[in-house]
Amino acid sequence: MQIIEIYRSIQGESSFAGLPCTFVRLAACNLRCTWCDSEYTFTGGRKMPVTEVEREITRLAPGGLVEITGGEPMLQERELVPMMESLLGRRYTLLLETSGERPLENVPHEVHKIVDVKCPGSGEGGTFRMSNLSTLTDRDEVKFVLTGRSDYEFAREFTREHHLERKAGGVLFSPAFQKDPTRERDASNCMLDPRVLAEWILEDRLNVRLGLQIHKFIWEPATKGV
Ligand code: SF4
């Protein structure tokens, strides 16, 4: 597998936010979101056999939460799916962060998928693979990263039209972060003010979770490996 980094930190997003977690960050992505904070994953990384990746996961923590992220991890589906099956067999709880563009049919059922639907402001709107909707279960979460009002309206309509509140375990609306954030560990780096987003969600009576990337409030926003 082509791996950028494997490290231990606090989960920053989703309904697992706040929990200690081992992160496995895979190299390469086929999208180019305008606000991407992981461009360092697009090239490079280290080739590691699956056995070595698993060994490193075990060394960092013998159990608990593991998030597979990237880049786009499903570009390495051939090696990744057997590795996820093996980790599940060893009773790890697995999260898979994916852009929603790659097919997800082969992801083991027990994995908690956190699936993006790219909004227009990402520059990658329309890349969501609609057949992925039928793979969602109540273990999974659908995430919209929002740059402003038009992204919010897109996310609201998509959520309603496809009954995401029923189809998935959770729906996340998260403000996008500035591409070149300051060192401030506060909401001034969000492209959409979380307070404004909270007001819109309440006004529209949406049953969605307002997501903040809490690692960017714990550490300076540009810090890598957290
Ligand atoms: S899908 Fe993720 S890694 Fe790829 S460009 Fe978008 S934000 Fe970056």
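All values reported here derive from a predicted model rather than from experimental measurement. Whatever order the structure lists them in is the order used to number ligands and atoms, beginning at 1.
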**OP:** Dump the intermediate steps for salt bridge (charged side-chain N to carboxylate O under 4.0 Å, His left out) on Lys118 and Asp116, then the final yes or no.
**Re:** CA-CA 6 Å; Lys118 299 297 181 190; Asp116 277 11; 2.7 Å; yes

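- The residue from Leu172, Leu136, Val171 that alone fulfils the side chain to side chain contact (heavy atoms under 4.5 Å, CB included) condition with Glu141 is Leu172.
- For ligand 1, the atoms sitting less than 4.0 Å from at least one non-hydrogen atom of Trp35 are 7 (S), numbered in the order shown with element in parentheses.
- Ionic pairing of Arg129 and Glu105 is not present here: no N-O contact between side-chain nitrogen and carboxylate oxygen is shorter than 4.0 angstrom.
- Around atom 4 (Fe) of ligand 1, the protein atoms of type N, O or S found under 2.8 Å away are Cys29 SG, listed by chain and number.
- Screening Leu65, Leu19, Ile68, Asp140 for a side chain to side chain contact (heavy atoms under 4.5 Å, CB included) with Leu95, the sole residue that qualifies is Leu65.
- In this structure, Glu52 does not pair ionically with Arg55, as no charged nitrogen and carboxylate oxygen lie closer than 4.0 Å.
- Note on Ile57 and Val81: same hydrophobic cluster, where clusters join Ile, Leu, Val, Met, Phe, Trp and Tyr whose side-chain heavy atoms are under 4.5 Å apart, directly or indirectly.
- Using 4.0 Å as the threshold, Lys118 has a heavy atom nearer than that to some atom of ligand 1.
- By the 6.0 Å and 45° rule, Arg25 does not stack over the aromatic ring of Tyr40.
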